[in-house]
> 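Quick one: the structure is below, questions incoming.
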Amino acid sequence: MTELLPKGYEPKNVESRWRKRWEETRAFTPAPDAPGEAFSIAIPPPNVTGALHIGHALNLTLIDVLCRHARQKGKNVLWIPGTDHAGIATQNVVERALAKEGKRRQDLGREAFVERVWAWKEDYGNRILDQIRALGASVDWSRLRFTMDEGLSAAVRKVFVQLYHEGLVYKGKYIINWCSRCHTALADDEVEHEQQRGRLWRVRYHLADDSGSIVVATTRPETIPGDTAVCVHPEDERYRRIIGKTVLVPILGREIPIIADAYVDRAFGTGALKVTPCHDHNDWTLGNRHHLQFIQAIDENGVMTSESGPYAGLAKNSCREKIVADIKAAGDLPGAEDVEHAVGRCYRCHTTVEPHVSEQWFVAATKLAPAARGAVPELTRIYPEAWVKTWNHWLDNIRDWCISRQIWWGHRIPAWTCPACGALTVAEMTPSACRACGAGGLTQDEDVLDTWFSSALWPFSTMGWPGKSAELARWYPTSVLVTGFDILFFWVARMMMMGLHFMSEPPFRHVYLHALVRDAAGRKMSKSTGNVIDPLAMIDKYGCDALRFTLTAFAAMGRDIRLSEERIEGYRHFVNKLWNAARFALIHLAEMPKEVDPAAVRGLHNQWLLHSLEAVKNDMDKAFTEYRFNDAAQLGYKFLWNEFCDWHLELIKPDLQSQDTERVNSAKYVLWLALREALVLLHPIMPFVTAEIWQSLPTPAGKATDIAGEPWPAPRPGCVREAEARRMEFIQEVIVAVRTVKAELNIAPSQKTGLLIHPADTRQAALLETCREMIMTLARLESLQIGTLLNAPKASASAVIQGCQVIMPLKGVVDLASELTRLDKELAKVEKDMTAASKKLHNESFVKRAPEEVVQRERDRAAGLLDARNKLLALKKRFTEAFEE
RNA sequence: GGGCAGUUAGCUCAGCUGGUGGAGCACCGCCCUUACAAGGCGGGGGCCACAGGUUCAAGUCCUGUACUGCCCACCA
């Protein structure tokens, strides 16, 4: 005996109960030797910096939908959860927290500071795990990972050491991007370029031999103390004769050469460029090509160095003001103009990034990239495909990846320097002696690795690599990577490079890049704009299933999602609709109904619903497999609401009251079957409400089970019945026609009327006769005659459906004029369609060149329209006569 | 400067390989019909951004234009 569900769906208790149950029964902890095709997904590990945002909610929902669907399809599914230590980002938030106590990390010292970050990680990391739970993510908690846990750290060291010995990791002095606030080097893609208004100054450099001068254009006059050349285009007639001469650096008076290089754009500025190899990426290249001097004028704190003469000790911005003033005073500033130019900013703290020369560690991405590029699309497919071009372009133009960071939170670089001979020892374990000379007392490199270095190993490091784990054997490569396109390069490309190199197989078969979640106005959500939608608050307010359904329904490939609270509220109605449909069903399914053969079930409406069910089963399955999440959601929505609730539940109501037990059984069994399967179809998207209802449904075995373990319903070919479905649709059209007539004539739906139907042929007549009760109930009729309209009163409202005439006698109260307007409207529509059809059919080339089947369809249509028009005209004539009488 | 998306009903968006333009929300009207008013039933509303082209036939394919958004890029 099942209990009645409460009147309204209350998500809170239901959700927490199921969360707990699934975790306790280890429902999502797969055994490597369990049967089924392997299916695995590595979670994009959220940063332990703060709370999950709506983008995470989208990401986790989509992954969960795929995982639950894969389980339904009998696959052996592994979804490993975890979090990322997020080097710079986490260090920054902890430093900010420290600042509130008036402390800096240096006050604590490295060890104490790192401990403090670990404490933060415990706290916030756990909050994030709870949020993953809240979203209903069916992850395997027994395999939880963190990028800095022991196993993953071992993987990091192993990878670093091996790449070092292969020459794919190297240390070198290069120009890198320096954030003076985070006090660390950044990789190229950690710099965000932003158009900014700036000023372009023209500065005169005098020739050393006093034979003239050359004017260069610069946006960064504070770098003048670092100038080691002036560069012009070799074919620039204006400067040709002075190439090779020397000029004096303004104010400082240092003598530097004029060089020529085709890199210079003659049309820009004055066509002459000052070269500062230590403070500009291009100038660095020029400096190397022309063997220039390298002078560091700005230090890592953004302060002018001793090389800057009178400006030493000034902050770079003050230096700029002062040097411009000084040059102007010297009469060597012939002009200045406003320009738009790109400025690099730190992606973590938005401080302007300074190109800086220093010794750093690099991964030879240039050598690893070709394999990664080649893997797509043969070994790994990217969805949507539009991203493949971007992928290729990025990998083709890649530069070596700077991986050392001058911060404290992260994987310390496993490289030690010998105090005796200065040699480097790179090893997985702390070495006791120098590799070169055997001396002891080695000191470890102070730097840590870029956070993306460990993320790059995630798909295999989480499965136990470098050990030979059962997980790796069973589940690597992962089936699909689901992530936002914003980390395509940071993460996806690097995983590909590392995966191919260390596992000889790509880390994933598919990459599904989902959109960004924006606000209703299309703006990026951010705390500063104040337009964030907090997923937890939404779950609290509307329930997890409503949020999940909304995100799924909006996840159309290749398009951003504009989300607003109203949308979530809207889909909550759908969750509730399902709930109430189930309540109705349960009233009649107190006990398991007697089984009937679905392929031989009685009743056109039952056959129709089972036919629809076959279609939606098939279509949704396909949509899930092809990552068309929005289609899957919509298919489920339509089936449940429009077909199951709006039609079928209404159609079986008379059955359920019937004395005919076979009829009652058929209705109940189809109701049971359709609801049951609909729940399974919707379960990947709405796990909680479906689990709760499922549990209340009777089963043949008599006891409640867990829908999470229920397979995707098998196809039932015997239920595919095109002809019966078409017939049912005809009956529906008739019913809608009656309702429309009533509504438009302002007859209350509840007011029962009589009806006369004149079928177009005997086949229709028979069909209508079998569906007499359905029509009477759903159209709310007090009487129904099926036959000729000879004895119909002339004062009748009418409609024509597939040649079938539907006549509703009007009683005194009804407004006769509005029926005339209605008929005219109907006629106008038919005539418009007729004109279009006949125009087509009178077009010789159409008849001659279009496929026969298209032409025939058009002919049939025209014939149908003509018939409808004639019948409507006749009806109108009768009606008009009645009106006149 | 290059590249990639997008432009369809008031709003947010579907529309696959070309063959009578859809959904949800919003709006209007009638209904508390015993699962659901978070509901039922019905309705109005679109020269599918613009201009060409291919085709018997174009929202759909091609070319160009205009906006919008994103990505990449060393023009000081």
Side-chain angles (χ1 to χ4, degrees), chain A residues 4-5 7-9 189 193 200 216-220 223 231 263-265 267-276 280-286 339 341-342 384 386-387 389-390 393-394 397 485-486 488-489 516 518 520 522 524 542 546 553-554 556 558-564 566-567 569-588 626 628 630-631 634 637-638 641-642 645-646 649-650 653 735-736 739-751 777-778 780 833 836-837 840 843-851 853-855 857-858 861:
Chain A
L4 224 59
L5 301 171
K7 192 169 158 94
Y9 176 57
D189 52 10
H193 291 272
L200 184 68
V216 306
T218 179
T219 52
R220 303 194 55 210
T223 64
C231 188
Y263 154 74
V264 175
D265 177 356
F268 189 89
T270 60
L273 159 77
K274 70 184 206 58
V275 184
T276 322
D280 184 280
H281 289 98
N282 303 308
D283 292 7
W284 166 264
T285 313
L286 282 176
V339 285
H341 64 136
W387 286 99
K389 268 195 174 183
T390 314
H393 182 261
W394 190 77
N397 295 286
F485 58 77
D486 49 329
L488 183 62
F489 307 133
L516 240 52
R518 300 174 173 280
K524 220 169 177 168
Y542 305 108
F554 280 94
R559 219 167 150 139
D560 281 347
I561 297 175
R562 293 196 183 193
L563 191 71
S564 65
E566 293 79 66
R567 293 176 197 291
E569 195 183 351
Y571 280 115
R572 180 185 56 165
H573 300 342
F574 178 61
V575 180
N576 202 51
K577 185 75 181 178
L578 172 59
W579 182 258
N580 279 299
R583 283 182 63 226
F584 172 78
L586 285 170
I587 292 169
H588 302 281
E626 293 170 0
R628 289 180 290 111
N630 57 324
D631 286 344
Q634 203 191 10
Y637 186 103
K638 280 185 92 150
W641 200 316
N642 303 127
C645 291
D646 289 348
L649 292 189
E650 297 305 321
K653 279 177 182 173
I735 292 166
V736 169
R739 286 169 175 171
T740 307
V741 167
K742 278 195 184 180
E744 297 202 340
L745 297 183
N746 275 320
I747 301 168
S750 53
Q751 190 183 329
T777 312
L778 295 216
R780 294 180 160 262
D833 288 351
K840 242 182 177 176
N843 181 346
E844 263 183 55
S845 7
F846 171 73
V847 180
K848 215 159 58 185
R849 305 176 105 134
E853 118 196 18
V854 174
V855 177
R857 205 185 314 149
E858 201 61 30
R861 193 172 153 245

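In what follows, chains carry the letters A, B, and so on, assigned in the order in which the sequence lines appear, proteins first and then strands, with residues in each chain numbered from 1.
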> Whole-Å distance between B:G39 P and A:N642 CG?
13 Å

> Does B:C71 have OP1 or OP2 under 4.0 Å away from a side-chain N or O of A:H393?
no

> Base, sugar-phosphate, or nothing for A:F554, non-hydrogen atoms under 4.0 angstrom?
sugar-phosphate

> Once you apply a heavy-atom cut-off of 4.0 Å, does A:H281 come out as touching a base, just sugar-phosphate, or nothing?
nothing

> Please state the C1' separation for the pair B:U55 and B:A49 - nearest whole angstrom.
23 Å

> To the nearest Å, give me how far apart CZ (A:F574) and C1' (B:G39) are.
15 Å

> For A:W641, which contact category applies under a 4.0 Å heavy-atom criterion: base, sugar-phosphate, or nothing?
sugar-phosphate

> Applying a 4.0 Å non-hydrogen cut-off, can you work out what A:R780 is touching in the nucleic acid: base, sugar-phosphate, or nothing?
base

> Can you list the residues that meet the salt bridge (charged side-chain N to carboxylate O under 4.0 Å, His left out) rule with A:E853, with sequence neighbours excluded?
A:R857

> Between which residue ranges does RNA chain B form stems of three or more consecutive Watson-Crick or G-U wobble pairs, both distances under 3.5 Å?
B:1-7 with B:66-72, B:10-13 with B:22-25, B:27-31 with B:39-43, B:49-53 with B:61-65

> What protein N or O atoms touch nucleotides 26-32 of chain B N or O atoms at under 3.5 angstrom, if any, and at what distances?
none

> Using the 3.5 Å cut-off, write out each protein N or O paired with an N or O of nucleotides 54-58 of chain B and the distance between them.
unit_1 : atom_1 : unit_2 : atom_2 : d
B:C56  : OP1    : A:R849 : NE     : 2.5
B:C56  : OP1    : A:R849 : NH1    : 3.3
B:C56  : OP1    : A:R849 : NH2    : 3.1
B:C56  : O2'    : A:N843 : ND2    : 3.2

> Base, sugar-phosphate alone, or nothing: which one does A:Y637 contact when heavy atoms must sit under 4.0 Å apart?
sugar-phosphate

> Checking A:R780 now: which residues fulfil salt bridge (charged side-chain N to carboxylate O under 4.0 Å, His left out) with it, not counting sequence neighbours?
none

> How many whole angstroms separate atom CZ of A:R562 from atom C1' of B:C70?
13 Å

> How would you list, by chain and number, every residue that makes a salt bridge (charged side-chain N to carboxylate O under 4.0 Å, His left out) with A:K638, sequence neighbours excluded?
none

